[in-house]
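As the structure is a computational prediction, the values presented were derived from the model and not from experiment. Every chain is numbered from 1 and lettered A, B, ... according to where its sequence line falls, protein lines coming before strand lines.
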Amino acid sequence: MDLHARKQMPLFPIGIVQKLTGLSARQIRYYEQHGLVKPARSEGNQRLFSFHDVERLLEVRSWLDRGLNMAGVKAQLARGANGTSDAKRNEPTDRDLYKWMQQQMLGRPDAGSHEFQGELSRFYRRK
DNA sequence: CTTCTGACA
DNA sequence: TGTCAGGA
């Protein structure tokens, strides 16, 4: 399984995505309605976002921060625009994200482990 | 406790 | 966009 495939894997719930993107759950769901992202769903109908979705959301936020409205953002996506300056500078690199995940996996012995670790282990699992 | 949908004093 | 309801 290559990196590209892993980036498509449905891994995190909306709460994690909020922390990763700085967007509110309301915004994330709203953007989904507008087709900006298409997270997978768990059996319990819970949204499961992939790294691809998270990156797209960060890209969307960079445009919104720069004053674009929904129409503007859609135009960028339609044009296949790639995040420019700000987006590139503020967007966490893959390494940042992986490092962040490893921290989650190492876990905080006191805070109790997250079921999250189990899901994330899928990302690292070979084959 | 977290997430989901629908709705708006 | 925030926030509340009512349910899973």
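For the atom pair CD1 of A:Ile28 and CZ of A:Arg47, the computed distance is 9.0 Å after rounding to the nearest 0.5 Å. The CG atom of A:Leu20 lies 10.0 Å from the CD atom of A:Glu55; values are rounded to the nearest 0.5 Å.
Residues A:Leu48 and A:Phe12 have side chains not in contact (no heavy-atom distance under 4.5 Å, counting atoms from C-beta outward). Between A:Arg56 and A:Tyr31, every side-chain heavy-atom pair lies at or beyond the 4.5 Å cut-off. With contacts defined as side-chain heavy-atom distances shorter than 4.5 Å, the pair A:Ile16/A:Phe49 does not qualify. Proximity of A:Gln46 to A:Ile14: side-chain heavy atoms (C-beta onward) are nowhere separated by under 4.5 Å. Side-chain contact between A:Met1 and A:Met9: present, with at least one pair of heavy atoms (C-beta onward) separated by less than 4.5 Å. Using a 4.5 Å heavy-atom threshold, the side chains of A:Leu23 and A:Gln18 count as separate.
Across all non-hydrogen atoms, the minimal contact from A:Thr21 to A:Leu58 is CA-CD2, 3.8 Å.
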Nucleotide-level pairing of DNA chain B, given in dot-bracket where Watson-Crick and G-U pairs need both distances under 3.5 Å and | marks other strands: .|.|||||.
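Contact check, A:Arg47 against B:dT3: no side-chain N or O comes under 4.0 Å of OP1 or OP2.
Extent of DNA chain C lying under 4.0 Å from chain A heavy atoms, first and last nucleotide in 5' to 3' order, is C:dT1 to C:dT3.
Between A:Leu64 and A:Gln46, the residue anchored nearer the 5' end of DNA chain C, judged by the nucleotide with its closest heavy atom, is A:Leu64.
Within residues 22-34 of chain A, the residues having any heavy atom under 4.0 Å from DNA chain C are, by residue number, A:Ser24, A:Arg26, A:Gln27, A:Tyr31. Shown for residues 35-45 of chain A: no residue has heavy atoms falling under 4.0 angstrom of DNA chain C.
Using a cutoff of 4.0 Å between basic side-chain nitrogens and carboxylate oxygens, A:Arg29 and A:Glu32 are not scored as salt-bridged.
Every residue two or more places apart in sequence or in another chain that forms a side chain to side chain contact (heavy atoms under 4.5 Å, CB included) with A:Ser50 is listed here: A:His52, A:Asp53. Qualifying side chain to side chain contact (heavy atoms under 4.5 Å, CB included) partners for A:Lys38, counting only residues two or more places apart in sequence or in other chains: none.
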Pair A:Leu64-A:Met70, side chain to side chain contact (heavy atoms under 4.5 Å, CB included): steps then yes or no: CA-CA 8 Å; A:Leu64 259 30; A:Met70 237 4 43; 4.1 Å; yes
